[in-house]
Q: 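Sharing a structure, written as structure tokens. Questions coming.
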2 protein chains.
Amino acid sequence: MLTKTEERYLKAIYKINELWPSLVSTNALAHKVRTSAASVTDMIKKLAAKELVFYEPYKGVRLSAQGVAIATQLVRKHRLWETFLVQKLDFEWSEVHEIAQHLEHIPSEKLVQQLDRFLDYPKFDPHGDPIPNAEGKFTLREQLLLSRLEVGQSGTLVRVKSQQNDFLRHLDKLQISMGCTIHILERENYDQSMLIQIDNHHTVMLSKQISIMLFVRPA
Amino acid sequence: MLTKTEERYLKAIYKINELWPSLVSTNALAHKVRTSAASVTDMIKKLAAKELVFYEPYKGVRLSAQGVAIATQLVRKHRLWETFLVQKLDFEWSEVHEIAQHLEHIPSEKLVQQLDRFLDYPKFDPHGDPIPNAEGKFTLREQLLLSRLEVGQSGTLVRVKSQQNDFLRHLDKLQISMGCTIHILERENYDQSMLIQIDNHHTVMLSKQISIMLFVRPA
DNA sequence: AAATTTATTTAGATTCATCTAAATATTTTT
DNA sequence: AAAAATATTTAGATGAATCTAAATAAATTT
Ligand SMILES: [Mn+2]
Ligand SMILES: [Mn+2]
Ligand SMILES: [Mn+2]
Ligand SMILES: [Mn+2]
């Protein structure tokens, strides 16, 4: 049995790897789990001893097949719980990440299995992230960054890149929600901000900072 | 914020007190949380320092008002989660206690609140235990031990006294379930076992060991 | 290629929850 | 009331996860 902390590290390595597919550095991991590099070195050794990661001193760390499997199950649990909180308990998408961080560590195969069934095997969580199935498999939808769309094009919001409370609440304020249609009206070359129209309705100005956090399926 | 361990101790004191309303001894508590008396003494001091318990060395410990409030909320969460697992996720009543032991420590006022609402404010959990409301209030139903019923009397099963997996599965095997009607057919004076009829249907022999674990509402 | 900067590891300390063994207090028995 | 048994506390140690500071390795700059 793994401790909650060991699980946290495994998932952190997995998530860093998602964005940057190579050896994960001690510092990157330390930043991700909000601890010191020294603590990371300790934990990495522990995980390596359990053969959940491959570790080369000074070079970095990567998950073993078993490590990937565990991390994937954690991601699965996390996203299922988020889906549950939004769909069944009427939580906002900005509130669920933090609670799911706790729930994902509840042990019980059957619990995940039944939760998945109860939710009718959802494929994506409230932030558009894919939910791995019991075997750890999931599919990615066609998606590209909103910032890549040209003037005149439009797309459907299918995924957000951050789970940060304040970011999601900001989207709420702009009335940007999952599945909405975004049409590019104008583009400022200087700072790459864009004027967009949402659901053929209201128009808002989006900074580059935000447009690079939104994934759309082009229309 | 309390650690999971501190919460466990508070709830343990609460539960011991439910059965035996007086100062809780170090040993009783040690037995309940499955640890050594020495560890209990340490933890008690910690809780006393936080004013969650009153502690007199060599005499025992009892919860402060704040301690009671916290313990009650834990019991509330535990029983709500058990109810959720049985009613929504199709778990057996024999499976839920262990999982709820974990879920009860998930922090979030809103989570409990919404869960309660989702379940439509249940008053009792799958084992017939009362669920405290958000203010910590709950009502006890009229109930007495099955072992107190006389031959000829009958009652409805409203509560079981143990959550042990093997005990509950044994009841399953005997087809004794919450809400069933139990009619006393015979009573053996020697070992206080009883022959009972369930739901006017099948008859089984019940040992004293079991009949003192079942609460019924007399018909 | 040497010097400097940055990243990583090691060493040593701290806190939490636990343990065993020893000391002490309380309760029960004789 | 003394002795014996039991319960509780204290003392000292351990493992997990963390920290800071120092040592060392690797990468970058000059
Ligand atoms: Mn999340
Ligand atoms: Mn998510
Ligand atoms: Mn229970
Ligand atoms: Mn219960």
Side-chain angles (χ1 to χ4, degrees), chain A residues 1-14 16-17 19-20 22-63 67 70-71 74 101-102 104-107, chain B residues 1-17 19-20 22-63 67 70-71 74 101-102 104-105 107:
Chain A
M1 243 301 139
L2 299 180
T3 67
K4 192 172 163 172
T5 310
E6 290 169 330
E7 289 190 342
R8 273 205 312 137
Y9 276 82
L10 289 178
K11 194 179 144 202
I13 297 169
Y14 180 91
I16 294 169
N17 241 304
L19 304 177
W20 213 281
S22 66
L23 285 189
V24 171
S25 75
T26 301
N27 258 3
L29 195 42
H31 180 258
K32 188 79 177 180
V33 301
R34 295 167 195 292
T35 190
S36 68
S39 302
V40 168
T41 303
D42 280 351
M43 181 54 79
I44 281 175
K45 287 177 183 166
K46 226 177 118 189
L47 294 173
K50 295 190 178 187
E51 302 196 342
L52 300 171
V53 301
F54 300 113
Y55 169 50
E56 278 197 79
Y58 292 103
K59 301 213 66 181
V61 78
R62 78 187 166 83
L63 295 175
I70 293 171
L74 287 167
Q101 291 287 28
H102 296 284
E104 75 188 16
H105 298 290
I106 303 287
Chain B
M1 245 299 141
L2 299 181
T3 67
K4 191 171 164 173
T5 311
E6 289 168 331
E7 288 190 342
R8 274 204 314 136
Y9 276 81
L10 289 178
K11 194 178 144 202
I13 298 168
Y14 180 91
K15 301 223 87 176
I16 294 169
N17 240 305
L19 304 176
W20 213 279
S22 66
L23 285 188
V24 171
S25 75
T26 301
N27 258 4
L29 195 42
H31 181 259
K32 188 79 176 180
V33 301
R34 296 168 195 291
T35 190
S36 68
S39 302
V40 168
T41 303
D42 281 350
M43 180 54 79
I44 281 175
K45 287 178 182 166
K46 225 176 119 189
L47 294 173
K50 294 190 177 186
E51 304 197 344
L52 299 171
V53 301
F54 300 113
Y55 169 50
E56 277 196 81
Y58 292 102
K59 302 213 67 181
V61 77
R62 79 187 163 83
L63 295 174
I70 292 170
L74 286 167
Q101 292 287 27
H102 296 283
E104 75 190 15
H105 298 290

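The sequence lines fix the lettering, A, B, ..., with proteins before strands; numbering per chain opens at 1.
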Q: Roughly, in whole Å, what's the span from CD1 in A/I44 to C1' in C/dT9?
A: 11 Å

Q: May I ask you to list the residues of residues 48-56 of chain A, by number, that have any heavy atom positioned under 4.0 Å from an atom of DNA chain D?
A: none

Q: Mind calculating the distance between NE2 (B/H31) and P (D/dT8) to the nearest angstrom?
A: 14 Å

Q: Quick one: NE2 on A/H105 to CG on A/L2, what's the gap to the nearest 0.5 Å?
A: 11.0 Å

Q: Just to confirm, is there a sub-4.0 Å distance from OP1 or OP2 of C/dT18 to any side-chain nitrogen or oxygen of B/R8?
A: yes

Q: Judged by each residue's nearest nucleotide on DNA chain D, which is more toward the 5′ side, A/P57 or A/E6?
A: A/E6

Q: Which residue lies toward the 5' end of DNA chain D, A/Y9 or A/Y58, if each is placed at its nearest nucleotide?
A: A/Y9

Q: Between P on D/dA26 and CG on A/L23, what's the gap in Å once rounded to a whole number?
A: 14 Å

Q: Atom CG of B/L10 and atom CD1 of B/I70: how far apart are they, to the nearest 0.5 Å?
A: 6.0 Å

Q: Which part of the nucleic acid does A/K59 contact within heavy-atom distance under 4.0 Å: base, sugar-phosphate only, or nothing?
A: nothing

Q: How long is the straight-line distance from OG of A/S39 back to OH of A/Y9, given to the nearest 0.5 Å?
A: 5.5 Å

Q: Think B/T26 has a side-chain N or O under 4.0 angstrom from the OP1 or OP2 of D/dT9?
A: yes

Q: To the nearest 0.5 angstrom, please state how far the OG1 atom of B/T5 sits from the CZ atom of B/R8.
A: 5.5 Å

Q: Between A/T35 (side chain only) and A/H31 (backbone N and O only), is there a donor and an acceptor less than 3.5 Å apart?
A: no

Q: Please round to the nearest 0.5 Å and tell me the distance separating atom OG of B/S22 and atom NZ of B/K59.
A: 11.0 Å

Q: If you look at every strand shown and take non-hydrogen atoms under 4.0 Å, does B/K4 touch a base, only sugar-phosphate, or nothing?
A: nothing

Q: Check every atom of D/dT8, D/dT18, D/dA16 against the side chain of A/T3 and return the nucleotide holding the closest atom.
A: D/dA16

Q: Which ones in residues 33-43 of chain A lie close to DNA chain C, meaning a heavy atom under 4.0 Å from one of its atoms?
A: A/A37, A/A38, A/T41

Q: Strictly below 4.0 Å: does A/N27 bring a side-chain N or O up to OP1 or OP2 of C/dT8?
A: yes

Q: Sequence neighbours excluded, which residues qualify as side chain to side chain donor-acceptor pair (under 3.5 Å) partners of A/K45?
A: none

Q: With rounding to the nearest 0.5 Å, note down the distance linking CG in A/L63 to NZ in A/K11.
A: 13.0 Å

Q: With the side chain counted from C-beta on, respond yes when B/R62 and B/V53 share a heavy-atom pair under 4.5 Å apart, and no when they do not.
A: no

Q: Whole-Å distance between C/dT8 P and A/L29 CG?
A: 10 Å

